[in-house]
Student: 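What follows is a structure written as structure tokens; I'll ask about it next.
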Amino acid sequence: MSLPFVTSAPGKVILFGEHSAVYDKRAIAASINSLRTYLYTSENSNDDTITLDFPDIELHHTWQHHTLAKIPPTSDHDSIEPHIANNILQIIQESNIVNPLHINAAFCFLYLYKCLIPLQSNIRFKLISTSPIGAGLGSSAAISVVLSHAMLHLSSNFNNNHTNITKDLINKYAFLGEKCIHGNPSGIDNLVSTHGGAISYQRNGDTRILDINMNHTDLLLTYTKVPRSTKTLVAHVKTLHDSMPQIIEPVLQSMHTIAIDAERLLLLSSSSQNDNTEGLAKLIAINQALLQSLGVSHESIERVKLLSDNLGIGPTKLTGAGGGGCTFTLIQDKTHLSTFKEILNQDYQFETIETQLGGPGCLIVPRTKLTPQHIEKIDILFNGTDLSRSEIDEILLPGPNQFLPWD
Ligand SMILES: Nc1ncnc2c1ncn2[C@@H]1O[C@H](COP(=O)(O)OP(=O)(O)O)[C@@H](O)[C@H]1O
Ligand SMILES: C[C@@](O)(CCOP(=O)(O)O)CC(=O)O
Ligand SMILES: [Mg+2]
């Protein structure tokens, strides 16, 4: 018996190269251990049903297995097959799931279910996250990773078919999940959420795990709370690129060159005593200006940038798809840092998040490692409502004082 078990995956910050990454340009991202998504996979109380329980977005639905069995079997696990997608979208519509946030999450869930465990039922998937959703911190990738990891685990336990679950395999299906949510993702978010740490990535190029210590990089995240959808922003850049490729391509190429130079500086800083903050600061400022030229900045983002410039804190750049969501500020001078935070929090009602970059990627606690005490605590936690970040962290956060024996 493999149930219950827990999977987990981190959010991320794209330091350089969002949007251009979609066009096969280089980008650099790092995981954020403290902003994680957790999935509790357990037995359902009703036979022959599959329950999706996503309280963060108030999406709850139970399907009969025979309803999902009507969807034709999948064959291509690298791209979305239109006839499967149409069948799934029809079931979603018949289930009265109409909010776009809900449609994206249910589509990702059902697509991965059909690919990985189409014969299984009597399972409940309950997901909670400590990351802001739709804020540029890769929550869509994190849910894709935890679902992919959990369903691969279930698949490998089914009929004693013990497949070796590698991170590459988890990432492959998480990428498919991202395709359900974003349309045309670059693949950087699922990769960094699966592997953790810091990564230099190019869609059709090589991937380099960056062995750098990010603890000395002083970054402040600001969550503007302006909602936006990555899918819409990526589509906006595509329209712009299609309509004026001679102008947009050089902008994306500049971002590529910035990412390459940033990688060189980050590696140099960690291998020597050199302080390359000044160089990185210039690259952050130029990258933000280029993103603004693509129309993916937002008044809220520009306000954070202007304030950090005026107070002499350091450069600010959007992270993720932009259009609201989150920014990060490289802290070069702390003199007016408390004023900066105070204005952001009190005058603008933005949330500032102090966090370290890096940390583990996807993790699992299989049934065999869960004691009755673990299960009792997890059950109480996952059945709770309006949970605070610290209540979730206390039981689930991986790290030096972790309660669960994460693998
Ligand atoms: N905790 C969660 N519960 C349910 N769905 C989620 C959760 N986190 C993310 N999602 C899904 O991912 C979508 C947000 O993805 P996206 O627009 O790419 O923003 P980001 O990845 O920057 O958070 C949501 O609309 C929802 O469908
Ligand atoms: C805009 C993009 O570069 C990053 C999107 O990140 P997020 O979903 O906003 O966290 C798209 C992608 O790389 O798939
Ligand atoms: Mg996303």
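Counting convention: from 1, in listed order, for ligands and their atoms alike. Here the structure is a predicted model, which is why all the values come from computation and not from measurement.
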Student: Where the side chain of S308 meets the backbone of G314, is there a donor-acceptor pair that is under 3.5 Å apart?
Tutor: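 Answer holds: yes.
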
Student: Would you tell me which option among L101, L59, I14 has the nearest heavy-atom contact to atom 26 (C) of ligand 1?
Tutor: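 Minimum heavy-atom distance to atom 26 (C) of ligand 1 goes to L101.
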
Student: Go through the side-chain N and O atoms of E391 and S388 and say whether any donor and acceptor fall under 3.5 Å apart.
Tutor: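 Side chains of E391 and S388: pair found under 3.5 Å.
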
Student: For atom 11 (C) of ligand 2, what's the nearest protein heavy atom and its distance?
Tutor: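 Checking every protein heavy atom, the shortest distance to atom 11 (C) of ligand 2 gives V22 CG2, 3.8 Å.
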
Student: K12 and D189: salt bridge (Lys or Arg N to Asp or Glu O under 4.0 Å), yes or no, with the steps?
Tutor: CA-CA 7 Å; K12 58 85 230 226; D189 285 9; 3.0 Å; yes

Student: Between N99, D189, L127, flag the one that comes closest to atom 2 (C) of ligand 1 by a heavy atom.
Tutor: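 Going through N99, D189, L127 one by one, L127 has the nearest heavy atom to atom 2 (C) of ligand 1.
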
Student: With a 4.0 Å heavy-atom cut-off (strictly under), which part of R228 contacts ligand 2: side chain, backbone, both or neither?
Tutor: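 Side chain only; the backbone of R228 stays clear of ligand 2.
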
Student: Do ligand 2 and D189 have nitrogen or oxygen atoms that lie under 3.5 Å from each other?
Tutor: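 N/O-N/O distance below 3.5 Å exists for this pair.
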
Student: For the 3.5 Å polar cut-off, considering only N or O atoms, please tell me whether S229 and ligand 1 meet it.
Tutor: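 It does not: no N or O of S229 is found under 3.5 Å from an N or O of ligand 1.
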
Student: Can an N or O of E18 be found at a distance shorter than 3.5 Å from an N or O of ligand 2?
Tutor: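 Between E18 and ligand 2 (N or O atoms, distance only) the closest approach is not under 3.5 Å.
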
Student: Using non-hydrogen atoms of the residue, decide whether K231 is closer than 4.0 angstrom to ligand 1.
Tutor: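 Heavy atoms of K231 never come under 4.0 Å of ligand 1.
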
Student: Under a plain distance cut-off of 3.5 Å, with no hydrogens placed, do E81 and T74 share a side-chain donor-acceptor pair?
Tutor: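 Absent: no donor and acceptor within the cut-off.
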
Student: When Q292 is tested against each of K317, E302, H298 for side-chain contact (heavy atoms from CB on, under 4.5 Å), which residue passes?
Tutor: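 In the set K317, E302, H298, the residue that makes a side-chain contact (heavy atoms from CB on, under 4.5 Å) with Q292 is E302.
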
Student: Please write down residue, atom name and distance for the protein heavy atom closest to atom 2 (C) of ligand 2.
Tutor: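 Of every protein heavy atom, H19 N, 3.9 Å lies nearest to atom 2 (C) of ligand 2.
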
Student: For G136, is at least one N or O under 3.5 Å away from an N or O on ligand 2?
Tutor: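 In this structure, G136 places an N or O atom under 3.5 Å from an N or O of ligand 2.
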
Student: Could you tell me whether H102 approaches ligand 1 through its side chain, its backbone, both or neither, with non-hydrogen atoms closer than 4.0 Å?
Tutor: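 No part of H102 comes within reach of ligand 1.
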
Student: Counting non-hydrogen protein atoms only, what is the nearest one to atom 13 (O) of ligand 2? Give residue, atom name and distance.
Tutor: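 Going by distance alone, atom 13 (O) of ligand 2 is nearest to S186 OG, 2.5 Å.
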
Student: Please round to the nearest 0.5 Å and tell me the distance separating atom OG of S8 and atom CG of L396.
Tutor: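 Going from OG on S8 over to CG on L396, the span is 7.5 Å.
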
Student: Considering both backbone and side-chain atoms of G138, is one of its nitrogen or oxygen atoms within less than 3.5 Å of a nitrogen or oxygen in ligand 2?
Tutor: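 Min N/O separation from ligand 2 is below 3.5 Å for G138.
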
Student: Which class fits the ring pair W63 and F109: parallel under 30°, tilted 30 to 60°, perpendicular over 60°?
Tutor: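 Plane angle under 30°, so parallel.
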
Student: Just jot down the ligand 1 atoms closer than 4.0 angstrom to any heavy atom of N104, in number order.
Tutor: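 Within the 4.0 Å cut-off of N104, ligand 1 contributes 27 (O).
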
Student: For ligand 1, which atoms have a heavy atom of S129 less than 4.0 angstrom away?
Tutor: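 Under 4.0 Å from S129, ligand 1 has these atoms: 1 (N).
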
Student: Strictly by salt bridge (Lys or Arg N to Asp or Glu O under 4.0 Å), give each pair with a member in residues 234-253 just once, sequence neighbours left out.
Tutor: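 Only K25-E249, K238-D242 qualify under salt bridge (Lys or Arg N to Asp or Glu O under 4.0 Å).
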
Student: So is D56 polar-close to ligand 1, meaning N/O to N/O under 3.5 Å?
Tutor: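 Yes, there is a polar N/O contact under 3.5 Å.
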
Student: In the protein, what heavy atom is nearest to atom 19 (O) of ligand 1, and what distance, to one decimal place, separates them?
Tutor: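 For atom 19 (O) of ligand 1, the nearest protein heavy atom is G134 CA, 3.2 Å.
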
Student: Quick check against the 3.5 Å criterion: does T41 have a side-chain atom that pairs as donor or acceptor with the backbone of F125?
Tutor: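 Not at all, since once roles are kept as given, no pair shorter than 3.5 Å links the two residues.
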
Student: Under 3.5 Å, is there a donor-acceptor pair linking the side chains of N44 and T49?
Tutor: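 T49 and N44 do have a side-chain donor-acceptor pair below 3.5 Å.
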
Student: So, T277 versus Q332: side-chain donor-acceptor pair below 3.5 Å or not?
Tutor: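 Result is no, nothing qualifies.
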
Student: Among all protein heavy atoms in this structure, tell me which lies nearest to atom 8 (O) of ligand 2, with the distance rounded to 0.1 Å.
Tutor: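 The closest heavy atom on the protein side is T230 OG1, 2.9 Å.
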
Student: Taking atom CD of E58 as the centre, report whether more than 12 heavy atoms of other residues, nucleotides or ligands fall under 6.0 Å from it.
Tutor: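 No, because the 6.0 Å sphere around CD of E58 holds 12 heavy atoms or fewer from other groups.
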
Student: Checking the N or O distance criterion of under 3.5 Å, is ligand 2 in contact with I14?
Tutor: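 For ligand 2, there is no N or O atom that lies under 3.5 Å from one belonging to I14.
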
Student: Under the rule for side-chain hydrogen bond (donor to acceptor under 3.5 Å, both in side chains), what residues qualify as partners of D379, not counting sequence neighbours?
Tutor: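 Scan of D379 (side-chain hydrogen bond (donor to acceptor under 3.5 Å, both in side chains), adjacent residues dropped) gives Y40.
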
Student: Under 2.8 Å from the Mg ion (ligand 3), which protein N/O/S atoms are there?
Tutor: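 Atoms qualifying: S140 OG, H182 NE2.
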
Student: Between L15 and L219, does a side chain to side chain contact (heavy atoms under 4.5 Å, CB included) hold up when you go through it step by step?
Tutor: CA-CA 10 Å; L15 295 168; L219 292 186; 3.9 Å; yes

Student: Report, in ascending order of atom number, the atoms of ligand 1 lying under 4.0 Å from any heavy atom of A105.
Tutor: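 In order of number, 5 (N), 27 (O).
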
Student: Under 4.0 Å from a heavy atom of G320: which atoms of ligand 2 are those, numbered in the order shown and with their elements?
Tutor: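 Heavy-atom distances to G320 below 4.0 Å select 6 (O), 9 (O).
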
Student: Please work out whether any backbone atom (N, CA, C, O) or any side-chain heavy atom from C-beta onward of A321 is under 4.0 Å from ligand 1, and answer side chain, backbone, both or neither.
Tutor: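 No part of A321 comes within reach of ligand 1.
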
Student: Nearest non-hydrogen contact with atom 11 (C) of ligand 1 belongs to which option: L233, T230, I143, L137?
Tutor: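 Of the listed residues, I143 has the closest heavy atom.
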
Student: Which part of H182 is near ligand 2, with near meaning a heavy atom under 4.0 Å away: side chain, backbone, both or neither?
Tutor: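 Looking at H182 and ligand 2, just side chain atoms fall under 4.0 Å.
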
Student: Mind listing the side-chain donor-acceptor pairs of residues 350-359 below 3.5 Å, one per line with the distance, residues two or more places apart or on another chain?
Tutor:
residue : atom : partner : partner atom : Å
T352    : OG1  : N345    : OD1          : 3.3
E354    : OE2  : K341    : NZ           : 2.9
T355    : OG1  : S34     : OG           : 2.8

Student: Using heavy atoms and a 4.0 Å limit, tell me yes or no: is G136 in contact with ligand 1?
Tutor: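 The answer is yes: ligand 1 sits under 4.0 Å from a heavy atom of G136.
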
Student: Provide, to 0.1 Å, the distance between atom 10 (O) of ligand 2 and the closest protein heavy atom, together with that atom's residue and name.
Tutor: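 Going by distance alone, atom 10 (O) of ligand 2 is nearest to K12 NZ, 2.8 Å.
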
Student: If we ignore angles and hydrogens, is there a donor and acceptor under 3.5 Å between the side chains of S129 and T37?
Tutor: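 Indeed, the side chains of S129 and T37 share at least one donor-acceptor pair under 3.5 Å.
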
Student: Please confirm whether H61 and F54 have ring centers closer than 6.0 angstrom.
Tutor: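 H61 vs F54: aromatic centres not under 6.0 Å.
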
Student: Between T130 and R36, is there a donor-acceptor pair closer than 3.5 Å when you use the side chain of the first and the backbone of the second?
Tutor: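 At least one qualifying donor-acceptor pair exists.
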
Student: If we ignore angles and hydrogens, is there a donor and acceptor under 3.5 Å between the side chains of T371 and H374?
Tutor: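 Checked: T371/H374 side chains pair up, N/O donor to acceptor below 3.5 Å.
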
